Amino acid sequence: EAALEYRYARRGAAEAKAASGGYRGMQFPWESAFTGEEAIPPVGGTGEFEIHVTGDVSFAFWQYWQATQNKTWLQIRGWPVLAGIANFWVSRTKSRTSGRIASIDHVIDVNEQAGIIDNSAYTNAVAKLSLANAEKAAVLLEKWPANLDRWTELKEALPIPFDAERAWNPEFEGAVWGVNNKKGGSDENGLGVLMMDYPLDLPAEWAHWNDEIRLKNLKHYQAGIELRSPMYMWIFAILNLALGQPEDAAKFLHDTAGHNVLGPFRIWSEMPNGKGCPNFLTAAGAYLQILWAGYGGLRLRDDRLSFHNPRPLGNTTALRLRALAYRGNLIDVRISEQWISLQLLHDTPRQAATLQATWSQGEALVVQKERLSRTAPVRFSCKGTVSVTEVSSLEL
């Protein structure tokens with residue numbers, strides 16, 4: 001919450017940054033100073049073109065709402081930022097072909113090495129989510145801003161690059177299949193495409209994908225990856241686990257941590273063997289995401305917190321997530337090779353929402369449903385999905 005409060009308190013600086021480029025709404029800086037102003041040179045490069053960070057801020061605000069359902073916070077803190085960012089995307093988007101096709105041009109993708117490009121898959125994806133989530137907030141709060149219809153229009157109109165012939169998602173408009181001569185894969189690192197899957201959890205119809213295409217994207221970009229940096233390895237570990245490839249995931253877990261944690265204080269480096277930025281917190285965060293989102297299978301959505309085929313790490317017997325905060329509750333999660341158990345901690349406030357967990361597998365109907373309590377854990381098989389939801393007042 002403190003990180004979101006930092007952004008909220010500096011929304012004026014975000015409005016000034018957008019206005020300095022001729023845009024409306026809020027544009028958050030690539031590297032933010034204490035004041036909220038851009039901390040890198042303002043002309044050219046990431047400060048001007050790597051604008052997906054603004055959508056990332058919106059995504060973080062919406063995830064806080066998903067986890068808390070705090071409507072007072074949404075009204076006072078969330079709404080101004082969500083609406084401001086949606087308005088930025090409206091002004092930053094251009095129309096092509098007599099206004100029928102929307103486009104976000106001249107951006108730097110998550111893969112910065114691609115240079116300045118048009119219609120970055122990741123940038124457009126996070127923009128679409130920004131617009132969709134602002135629209136949902138407007139409905140929840142019964143607000144009807146002047147741009148609401150435009151938000152609705154653009155969330156559908158912004159394209160996600162897709163090559164129907166090869167059935168894969170390029171990183172950006174005009175990107176080619178690309179073959180790395182050594183390994184037979186992509187010349188791009190694919191980070192932005194793969195991040196549409198996690199953490200964005202992009203609707204399948206927006207990305208034109210199914211599990212087969214998701215796996216094809218993963219294998220294509222995985223085959224060409226050469227840079228052994230935690231900035232890249234983490235997403236390959238998570239998605240290999242999500243798509244049923246645990247052996248490959250274990251290799252990428254090793255590549256994330258095996259060459260980048262050094263010295264007596266075990267600090268992270270940006271590149272293998274201590275090269276690049278020292279004490280690289282991005283790497284530490286990437287490693288933690290492999291644990292909770294990869295092996296824990298944790299996903300957060302509007303109506304539920306879920307665990308998808310959770311499992312311990314290789315050569316371990318258990319994985320534990322302590323005091324997982326959800327809808328005012330603190331949940332203790334224990335994962336073994338066979339079972340996942342959930343129990344409310346005694347520190348959970350009495351006024352917290354009542355939660356229930358359901359287990360399902362594949363397309364099957366719910367097989368098991370249990371309410372969470374402080375007195376005893378509820379236990380489910382790890383072979384399937386466990387979804388935690390709030391019990392409605394009608395069910396109490």
Side-chain angles (χ1 to χ4, degrees), residues 30 45-46 49-57 59-60 104 107-129 160-163 168-180 183 185-202 206-207 209 213-243 245 248-249 251-257 259-260 268-272 276-277 280-290 293-294:
W30 179 247
T46 54
F49 297 113
E50 197 156 356
I51 58 174
H52 66 76
V53 67
T54 294
D56 298 336
V57 171
F59 183 70
I104 301 179
V107 301
I108 293 178
D109 183 61
V110 177
N111 174 17
E112 296 173 349
Q113 303 305 312
I116 298 174
I117 57 174
D118 296 340
N119 284 326
S120 148
Y122 181 85
T123 302
N124 284 19
V126 81
K128 286 165 78 74
L129 287 176
I160 302 296
F162 181 70
D163 182 336
W168 74 301
N169 292 103
E171 281 191 325
F172 53 89
E173 183 179 273
V176 297
W177 178 251
V179 176
N180 180 293
K183 298 182 180 179
S186 174
D187 291 332
E188 309 294 349
N189 64 43
L191 185 61
V193 169
L194 301 179
M195 286 174 63
M196 294 194 305
D197 201 330
Y198 175 84
L200 295 190
D201 195 22
L202 199 70
W206 285 358
W209 63 26
I213 293 174
R214 292 167 64 211
L215 184 59
K216 188 172 185 178
N217 282 336
L218 176 62
K219 294 301 184 183
H220 176 65
Y221 289 115
Q222 181 173 306
I225 194 73
E226 289 188 329
L227 183 60
R228 298 302 179 195
S229 169
M231 287 189 295
Y232 306 111
M233 299 299 102
W234 65 280
I235 191 63
F236 292 100
I238 291 172
L239 292 190
N240 270 295
L241 286 164
L243 295 170
Q245 312 289 316
D248 284 347
K251 296 174 186 176
F252 284 106
L253 172 64
H254 178 267
D255 284 339
T256 299
H259 309 289
N260 298 78
W268 290 81
S269 63
E270 181 180 10
M271 304 297 293
C277 178
F280 192 52
L281 296 184
T282 301
Y287 177 75
L288 290 174
Q289 288 189 80
I290 294 174

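Everything numeric in this text was worked out from a predicted model, so none of it was measured. All heavy atoms count here, side chains included; hydrogens, waters and symmetry mates do not.
The aromatic rings of H220 and W168 stand perpendicular to each other, their planes meeting at an angle above 60°, with 30° marking the opposite boundary. Aromatic ring pairs are classed by plane angle as parallel below 30°, tilted from 30° to 60° and perpendicular above 60°; the pair F236 and F252 is parallel.
In this structure, CG on N240 lies 5.0 Å from NZ on K219, to the nearest 0.5 angstrom. Rounded to the nearest 0.5 Å, atoms CG (N111) and OH (Y232) are 6.5 Å apart. Taking CD1 from I108 and CD1 from I51, the interatomic distance works out to 10.0 Å, rounded to the nearest 0.5 Å. Considering CZ of F172 and CD1 of I160, their distance stands at 14.5 Å, rounded to 0.5 Å. Interatomic distance, CG of N217 versus CG of L239, reported as 9.5 Å (0.5 Å rounding). One distance of note links CG of L129 with CG of N124; it measures 11.0 Å at 0.5 Å rounding.
Between N119 and E173, the side chains place a donor N or O and an acceptor N or O closer than 3.5 Å (distance only, hydrogens not considered). Side-chain contact, E171 with Y122: no donor N or O sits under 3.5 Å from an acceptor N or O.
Contact of the M196 side chain with the W209 side chain is registered, since non-hydrogen atoms from C-beta on lie closer than 4.5 Å.
Listed by chain and residue number, nothing satisfies the side chain to side chain donor-acceptor pair (under 3.5 Å) test with T256 (two or more places apart in sequence, or in another chain). By the side-chain contact (heavy atoms from CB on, under 4.5 Å) test, K216 is found to be paired with A167, W177, residues two or more places apart in sequence or in another chain being considered.
Two rings, from W30 and F49, have their centers 6.0 Å or more apart.
A side-chain donor-acceptor contact under 3.5 Å links S120 to the backbone of T123.
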Note to self: Go through it in stages, so that I can follow the logic: the residues are Q245 and L241, the test is side-chain contact (heavy atoms from CB on, under 4.5 Å), and I'd like the CA-CA distance, side-chain angles, deciding distance and then a yes or no.
What the structure shows: CA-CA 5 Å; Q245 312 289 316; L241 286 164; over 6 Å; no

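For Y287, the OH atom counts as loosely surrounded, since its 6.0 Å shell holds 12 or fewer non-hydrogen atoms of other residues, nucleotides or ligands.
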